[in-house]
Amino acid sequence: MSSPEQPLPTWDEVLLCTPHTSAEQVGLFLRRCLIPCRGGSKIYTLLYADELSYEVSCRAEELFQHLQCYSSSYRLIILCNCERENSYLPSAFSHCKVHMIPQRSQADIQHYLQLHFRVPQPSSSAAAVFKEHMCVGIVSSKRAGMGK
């Protein structure tokens with residue numbers, strides 16, 4: 001994000017974990033991250049790793065230990081909720097823990113995202129319904145089930 005020209009992460013660089021994320025999904029993600037290929041120098045991010053089940057977390061750590069020998073130049077970020085940092089995977093990697101404080105203001109982050117999510121004006125896109133022709137929008141309500 002230090003330059004507006006830097007791209008957003010691609011589909012293969014991020015895994016958004018939930019309690020339903022399978023060991024196979026995490027395994028495929030770790031293989032992409034840890035086995036060297038011609039893909040360049042990507043930064044892989046495991047989001048909400050604290051949400052993974054105990055079984056999936058154990059298998060992920062075992063696979064990480066096994067695959068780590070293939071590459072010493074991997075770039076992996078594991079993000080978790082600080083209130084759940086005692087769950088299995090964050091605990092297993094606690095020796096690598098870094099507490100992060102955002103270095104950019106919210107306005108800077110929003111501006112950077114606007115540059116990447118804006119659809120050109122002449123196109124007839126569904127983005128026309130969102131503010132400033134953004135191709136991504138968030139719709140929320142304080143009342144559940146109101147047809148969002």
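The structure displayed is predicted, hence computed values, not measured ones.
Between the CD atom in Q106 and the NE2 atom in H111 there is a gap of 14.5 Å [rounded to 0.5 Å]. To the nearest 0.5 Å, atom CG of residue L113 and atom CG of residue D108 are 11.0 Å apart. Put simply, OG on S22 and CG on L52 are 9.5 Å apart, with the number rounded to the nearest 0.5 Å. Once rounded to the nearest 0.5 Å, the distance linking OH of Y48 with CG of L79 reads 8.5 Å. The distance from atom SG of C82 to atom NZ of K97, rounded to the nearest 0.5 Å, is 9.5 Å.
Using the six-membered ring where Trp is involved, Y70 and H66 have ring planes that are perpendicular, over 60° apart on the 30 and 60° scheme.
Nearest approach of Y74 to C33, heavy atoms of both residues: CB-O, 3.7 Å. Taking every heavy atom of both residues into account, T21 and L16 meet most closely at OG1-O, 4.0 Å. A pairwise comparison of heavy atoms in A23 and V56 identifies N-CG2, 3.8 Å as the closest pair. Pairing each heavy atom of S57 with each of L89, the nearest pair is O-CD1, 3.7 Å. R84 and P90 get closest at one heavy-atom pair: O-CG, 4.2 Å. The shortest non-hydrogen separation linking D12 to F29 is O-CE1, 4.0 Å.
Counting only distance, with no hydrogens or angles, the side chain of R59 and the backbone of E55 share no donor-acceptor pair below 3.5 Å. No side-chain donor-acceptor contact under 3.5 Å links T45 to the backbone of L47. Between the side chain of D50 and the backbone N or O of N81 there is at least one donor-acceptor pair closer than 3.5 Å. Judged by distance alone, with hydrogens and angles left aside, the side-chain atoms of S91 form a donor-acceptor pair with the main-chain N or O of N86 at under 3.5 Å.
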*Evaluation steps, side chain to side chain contact (heavy atoms under 4.5 Å, CB included), between L15 and L30*: CA-CA 10 Å; L15 180 62; L30 289 175; over 6 Å; no

*Begin from the C-alpha positions of E61 and Y88 and carry the test side chain to side chain contact (heavy atoms under 4.5 Å, CB included) through to its verdict.*
CA-CA 9 Å; E61 183 197 12; Y88 186 86; 2.4 Å; yes

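Considering R75, R32, E13 as possible partners of K42, the one that fulfils the side chain to side chain contact (heavy atoms under 4.5 Å, CB included) test is E13.
L63 is connected to I35 through a chain of hydrophobic side-chain contacts under 4.5 Å among Ile, Leu, Val, Met, Phe, Trp and Tyr, so both are in one cluster. With hydrophobic clusters built from ILVMFWY side chains whose heavy atoms lie under 4.5 angstrom apart, V14 does not share a cluster with I78.
Counting heavy atoms of neighbouring residues, nucleotides and ligands inside a 6.0 Å radius, atom CD of Q65 exceeds 12 of them.
Counting heavy atoms from C-beta outward, C17 and L46 have side chains that approach closer than 4.5 Å.
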